[in-house]
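Written out below as structure tokens is the structure these notes cover.
Per chain, numbering begins at 1; letters A, B, ... match sequence-line order.
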Number of protein chains: 2
Amino acid sequence: MAKQPELDDYRVPYFDDGKKKSKFSLDDFDPSAKPFSTGSKDADRARLSEIGAKLDTLQECLHAQQKRRVLLVLQGMDTSGKDGTIRAVFHEVDPLGLHIVPFKAPTPVEMAHDFLWRVHAQAPAAGELTIFNRSHYEDLLVPTVLGNLDAEAFEQRCRHIRQFEEMLAYNGTTIIKCMLHISKDEQRARLQARIDDPSKHWKFDVSDLEARKQWDKYQAVYCDALAATSMDCAPWYVIPADSKTHRNVMVAELLLRTFEGLKLEYPPPKESLKGVRVE
Amino acid sequence: MAKQPELDDYRVPYFDDGKKKSKFSLDDFDPSAKPFSTGSKDADRARLSEIGAKLDTLQECLHAQQKRRVLLVLQGMDTSGKDGTIRAVFHEVDPLGLHIVPFKAPTPVEMAHDFLWRVHAQAPAAGELTIFNRSHYEDLLVPTVLGNLDAEAFEQRCRHIRQFEEMLAYNGTTIIKCMLHISKDEQRARLQARIDDPSKHWKFDVSDLEARKQWDKYQAVYCDALAATSMDCAPWYVIPADSKTHRNVMVAELLLRTFEGLKLEYPPPKESLKGVRVE
């Protein structure tokens with residue numbers, strides 16, 4: 001019998017300062033794999049709905065406690081499904097408890113600061129679940145592919161990211177990072193579908209085609225970036241994402257495990273309220 | 001046959017600088033009324049779900065267009081159901097498109113600025129639907145009840161709020177403001193229920209009981225504040241809210257009418273994409 005897949009089989013090995021280079025490669029992960037799918041779309045949707053309801057309760061508990069913070073970082077190539085994942089996985093979670101932060105190309109004011117400045121400002125507060133839709137990792141990817149960040153500067157940014165995330169974690173933030181991994185063929189199909197449907201043109205930016213031309217470079221930088229920033233306190237997971245249903249279920253399973261690992265409990269009753277009658 | 005209720009029957013008369021005092025009173029609105037309920041809870045829930053799906057589509061269109069902004073302000077006494085309204089009305093709306101901002105007691109840094117400073121920073125961007133869970137109106141209510149804002153300062157704050165909201169509206173923000181109107185008896189029942197259920201104690205703050213002692217003062221200030229700040233560009237609505245189902249349906253109906261009034265359209269197809277093949 002084949003070994004049951006484990007979420008941690010998809011975790012990027014932790015960065016080890018001693019050996020510097022990890023042998024992690026995205027090529028070792030099949031984007032079309034569906035290890036956490038039941039094989040039936042209906043059953044997958046039912047599981048997603050079940051996890052959604054649990055996450056809703058766990059999030060309320062996080063909010064009630066006002067202690068821990070949770071940060072989910074979503075990265076992936078264009079069309080990899082960051083928006084779709086947020087919609088599908090968090091559909092059942094009370095919108096009150098969600099804080100979704102999309103990071104676009106930095107504005108001039110943002111550019112006038114260090115690259116972590118705008119990110120730090122959006123870090124979750126106590127009791128919050130924050131989702132970064134793209135993140136400070138774009139500041140490793142884009143400038144490197146465009147040739148504006150040399151190897152030394154790249155390493156320094158990775159170091160600053162590790163230190164930043166470790167500081168967040170030390171101060172009560174649970175961090176989980178997902179790279180939505182699609183194949184180049186799947187991206188072609190998704191981009192073509194957007195072009196062929198005029199009502200979807202608003203989702204399409206011509207720069208997406210430019211970025212696609214740099215596919216291999218992006219994949220290589222992703223490998224380096226993930227390998228250099230996966231840590232026990234802020235692990236990266238590779239999510240096979242050619243199948244949208246699988247992608248959603250796997251991210252949901254990861255979140256559920258993360259929340260359950262927090263051992264959240266509602267605050268104890270307040271003795272002072274015992275027997276109080278409201279006038 | 002009785003006249004069908006209209007949403008605008010619940011709109012606070014617009015402030016008129018000429019006559020100064022409006023004859024608006026919250027006492028004229030029965031908190032236990034259910035004018036927009038079908039009379040059946042199941043039918044109300046079905047209607048809520050139907051509106052939710054429509055709001056989801058309309059919100060996507062707002063996002064696609066990246067022009068208009070929508071701001072919903074929710075106010076009401078403790079337990080009036082601000083959180084519950086957000087959960088129920090926006091349950092079907094893509095969390096990506098929602099920005100929910102809870103305003104708590106101001107921090108020292110916030111207090112060191114004018115009262116609109118922290119509010120302006122959270123105003124919706126183009127394509128965004130933002131919900132204020134409490135708002136700058138707390139800065140009229142609380143200090144007045146506590147005796148820290150005299151009549152002249154109150155009037156000046158109202159004027160500044162009118163000018164601020166008019167500026168937002170002029171620059172593309174559609175503003176809608178809802179006062180969730182519950183009776184003092186209903187609040188007693190809801191507070192008592194929280195006290196009697198120890199698992200709900202975390203939702204309870206003893207200051208809620210202090211505020212309740214000032215019920216009549218709060219109602220009076222609400223009347224003055226609403227009358228002085230209801231405008232064509234930022235109207236206030238009184239939502240009878242003793243019935244949670246009615247409250248949810250009425251707020252949903254108002255939002256739907258507001259969104260439909262925007263005549264949102266998806267951006268036109270891009271000619272430049274015609275016939276493009278993705279390599």
What parts of residues 108-132 of chain B touch chain A if we use heavy atoms and a cut-off under 4.5 Å?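 Answer by number: none.
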Residues from residues 174-191 of chain B approaching chain A under 4.5 Å (heavy atoms):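 Against chain A, the residues of residues 174-191 of chain B that fall inside the cut-off (heavy atoms, under 4.5 Å) are B/R188, B/L191.
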So which heavy atom on B/F103 is nearest to which on B/R134, and how close?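 Minimum heavy-atom separation between B/F103 and B/R134: CD1-O, 3.2 Å.
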For the student: nearest non-hydrogen atoms of A/L98 and B/P95, plus distance: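 Closest heavy-atom pair between A/L98 and B/P95: CD1-CB, 3.8 Å.
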Using atom types as modelled and distance alone, determine if a side-chain donor or acceptor of A/H91 lies under 3.5 Å from a backbone N or O of B/E92.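 No; zero donor-acceptor contacts below 3.5 Å.
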Using the side chain to side chain contact (heavy atoms under 4.5 Å, CB included) rule, take B/F90 and B/T85 through it: C-alpha gap first, then chi angles, then the decisive distance, then the call. CA-CA 8 Å; B/F90 300 99; B/T85 302; 5.6 Å; no
Inter-residue atom distance [X].[atom1] - [Y].[atom2], 0.5 Å rounding:
| X | Y | atom1 | atom2 | result |
| --- | --- | --- | --- | --- |
| B/R47 | B/T245 | CZ | OG1 | 15.0 Å |
| A/N133 | A/K82 | CG | NZ | 6.5 Å |
| A/Y218 | A/K213 | OH | NZ | 13.0 Å |
| B/L141 | B/E138 | CG | CD | 5.5 Å |
| A/I239 | A/R247 | CD1 | CZ | 10.5 Å |

Tell me whether B/E260 is salt-bridged to B/R257, with the criterion being a basic N under 4.0 Å from an acidic carboxylate O.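 Salt bridge flag = no for B/R257 with B/E260.
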Counting only heavy atoms closer than 4.5 Å, note whether [X] contacts chain B via side chain, backbone, both or neither.
| X | answer |
| --- | --- |
| A/D197 | neither |
| A/I86 | both |
| A/D208 | neither |

Applying a criterion of heavy atom separation less than 4.5 Å, what residues of residues 49-80 of chain A form contacts with chain B?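 Near chain B, by residue number: A/D56, A/E60, A/H63, A/A64.
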For residues 267-279 of chain A, give me every residue with a non-hydrogen atom less than 4.5 Å from any non-hydrogen atom of chain B.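 Expected list: A/P267, A/P269, A/K270, A/L273, A/V276, A/R277, A/V278, A/E279.
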Please determine, among B/I100, B/L96, B/D83, the option with the most heavy-atom pairs under 4.5 Å with chain A.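 Between B/I100, B/L96, B/D83, the count favours B/L96.
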Report the C-alpha distance between A/Q192 and A/D196 in whole Å, list the side-chain angles of each, state the deciding distance to 0.1 Å, and finish with yes or no for side chain to side chain contact (heavy atoms under 4.5 Å, CB included). CA-CA 6 Å; A/Q192 192 65 55; A/D196 293 347; 3.0 Å; yes
Quick one, A/V251 with A/Y237, criterion side chain to side chain contact (heavy atoms under 4.5 Å, CB included). Give me CA distance, side-chain angles, the key distance, then yes/no. CA-CA 9 Å; A/V251 173; A/Y237 293 87; over 6 Å; no
